[in-house]
**Student:** 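Here's a structure for you.
So you know, we letter chains A, B, ... as the sequences are listed, proteins then strands, and number each from 1. Keep in mind the model is a prediction, meaning the values are calculated, not measured.
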Amino acid sequence: MRRDVLPVSEQLRILTSGIADLVPEADLAKKLERNRPLRVKLGVDPTAPDLHLGHAVPLRKLRQFQDLGHTVVLIIGDFTALIGDPSGRNTTRPPLSREAIDANAQTYVDQAFRILDPERTELRRNSDWLEPLGFADILRLTSRFTVARTLERDDFQKRYREGIGISLHEFLYPVAQAYDSVAIEADVELGGTDQLFNLLAGRELMEKSGMEPQVALTLPLLEGTDGVQKMSKSYGNYIGLADEPFDMFGKVMSIPDSLMVKYYRLCTDMPVDEVDALESGLASGDVHPNAAKRDLARRIVTLYHGARAAAAAEDRFNAVFVKHEVPDDVPEVPVRLEDDVYLPGLLVALGLAPSSGEGRRLIDGGGVKVAGVTVEPHAYNVARARVEGQIVQVGKRRHARPVAPD
RNA sequence: GGGGGUGUGCCCGAGUGGCUAAAGGGGACGGGCUGUAAACCCGUUGGCUAUGCCUACGAUGGUUCGAAUCCAUCCGCCCCCA
């Protein structure tokens, strides 16, 4: 889908929709007017092998650039990973091993190409130009930045104020990232809003190196399913690009209503005008939040798994969460049962409880059903015939069927 | 180099010799309610077929009938001065 001669005004409309900052505002237009493909940079840390919708936000923006004929330079921060980006962190990151970095990088790229167009993507590793630098080069580079400027960063200030340590090498992260921009001659660099400082460092260094500085384009951070923290694997609030359709659908359904519009803007293809209309519809009560959220979930699942999978996921969602039906694909687990079955132990064997103590608590809390009947508190022992081959359910949505081993 | 502080359960954080498996909060899980895996309300929250036993308060070793609480050494983290 190549539309390389769209007028600049139209390109701008697409490229700036949903973004947080564009610095400086006017320069993107200037660059576009030269009518040559822009080099659009995104640097990624090979630290998160499982990409989620939050990672997808800048990737989707990159894809828009590609669809308009521009070139994406995707930089695997295999060298900077040795530093660990201090952005948004309140502690020093532990450095990764070389092996872990390589493996993560490969996984990242595989997943990123579900969104990016490989034909218009230049894949680079920043160890190519960072590793050969000698101490003299480092001195030259760091001399272009001042301590005061570096300490201006929110996260450094915050950490400093709160007495959380900042290691000296963390100061070098923005320097290294800025040098990436020089090395690949970036026209535009994307990042989350927490990256603004790093992106601006790139502008400074390019300018001082006698180049035309890049434009910094930031995208809002996407909150996770808890609606509070930014989406991140470590907060356990993420929707993975590789999540199964049903999980993905359910996770989208679990976001707070207040976040729906943002998800529409940042995670779907819905045109800007339509999102605006939806937003006012929700505000006025003309659009039912449940209908809107279902549509959102359907759109997102369709994006990553196709329409058919999305429809199936929705059906299953209805069955399990709306009608509380037992799904038809309850996993069968072979277990050897005594004649007198100790239920808490069985729950553990079925993977429905982490310990038999937890199993007892679940039973006492009325959360366990055997063949559709709630187990009475303290009724821990049941006859084998009552459970073998029957559906054992914990909570509303976890099921397993114990079967005799062959 | 000198001085000071700190290390508790998934996380934060009370607790200064027995009443502590350890307050409180968060999270998580279960129940209710709901358009919803949202909000709200209620309950549970170390392991073990268990009126008890085991493991646990940075590590190791002591003091004591008894230690998260006292002592010693060590390790980690932080602050101030230089």
**Student:** What string of B, S and - do you get for nucleotides 21-34 of chain B 5' to 3' if you count protein non-hydrogen atoms under 4.0 Å?
**Tutor:** --------SSSS--
**Student:** Check the orientation of His55(A) and Tyr108(A). Use parallel for under 30°, tilted for 30 to 60°, and perpendicular for over 60°.
**Tutor:** perpendicular
**Student:** Which residue lies toward the 5' end of RNA chain B, Ser254(A) or Asn381(A), if each is placed at its nearest nucleotide?
**Tutor:** Ser254(A)
**Student:** Taking side chain to side chain contact (heavy atoms under 4.5 Å, CB included) as the definition, give me every residue that meets it alongside Asn290(A), ordered by chain and number, with sequence neighbours left out.
**Tutor:** Met253(A), His288(A), Arg294(A)
**Student:** Considering only heavy atoms, which members of residues 339-357 of chain A lie under 4.0 Å from some atom of RNA chain B?
**Tutor:** Tyr342(A), Ser355(A), Ser356(A), Gly357(A)
**Student:** Under a 4.0 Å N-O cut-off, is there an ion pair linking Glu207(A) with Arg144(A)?
**Tutor:** no
**Student:** Under 4.0 Å between a side-chain nitrogen and a carboxylate oxygen: does that hold for Arg140(A) and Asp137(A)?
**Tutor:** yes
**Student:** Would you say the side-chain atoms of Asn318(A) pair up with the backbone N or O of Asp315(A), donor to acceptor, closer than 3.5 Å?
**Tutor:** no
**Student:** Distance between the P atoms of U20(B) and A68(B), in whole angstroms?
**Tutor:** 13 Å
**Student:** Distance check, C1' atoms only: U49(B) and C65(B), in whole angstrom units.
**Tutor:** 33 Å
**Student:** Begin from the C-alpha positions of Asp128(A) and Arg125(A) and carry the test salt bridge (Lys or Arg N to Asp or Glu O under 4.0 Å) through to its verdict.
**Tutor:** CA-CA 6 Å; Asp128(A) 287 353; Arg125(A) 299 179 156 236; over 6 Å; no
**Student:** Please determine whether a side-chain nitrogen of the Lys or Arg among Arg386(A) and Asp340(A) lies less than 4.0 Å from a carboxylate oxygen of the Asp or Glu.
**Tutor:** no
**Student:** So, Asp339(A) and Arg384(A), do they make that salt bridge, N to O below 4.0 Å?
**Tutor:** yes
**Student:** What residues from residues 307-314 of chain A pass a heavy-atom cutoff of under 4.0 Å to RNA chain B?
**Tutor:** none
**Student:** Looking at RNA chain B, which of residues 274-284 of chain A put a heavy atom within less than 4.0 Å of it?
**Tutor:** none
**Student:** Going by an N to O cut-off under 4.0 Å, is there a salt bridge joining Asp67(A) and Arg120(A)?
**Tutor:** no
**Student:** Please list, chain by chain and in numerical order, all residues satisfying side chain to side chain contact (heavy atoms under 4.5 Å, CB included) with Val23(A), sequence neighbours excluded.
**Tutor:** Asp21(A), Leu196(A), Leu200(A), Ala216(A)
**Student:** Could you give the CZ-to-C1' distance, from Phe249(A) to U36(B), as a whole number of Å?
**Tutor:** 10 Å
**Student:** Please work out if Asp364(A) contacts a base, only the sugar-phosphate, or nothing of the nucleic acid, heavy-atom cut-off 4.0 Å.
**Tutor:** nothing
**Student:** Do Gln66(A) and Thr121(A) get their side chains close enough for a donor-acceptor pair, meaning under 3.5 Å?
**Tutor:** yes
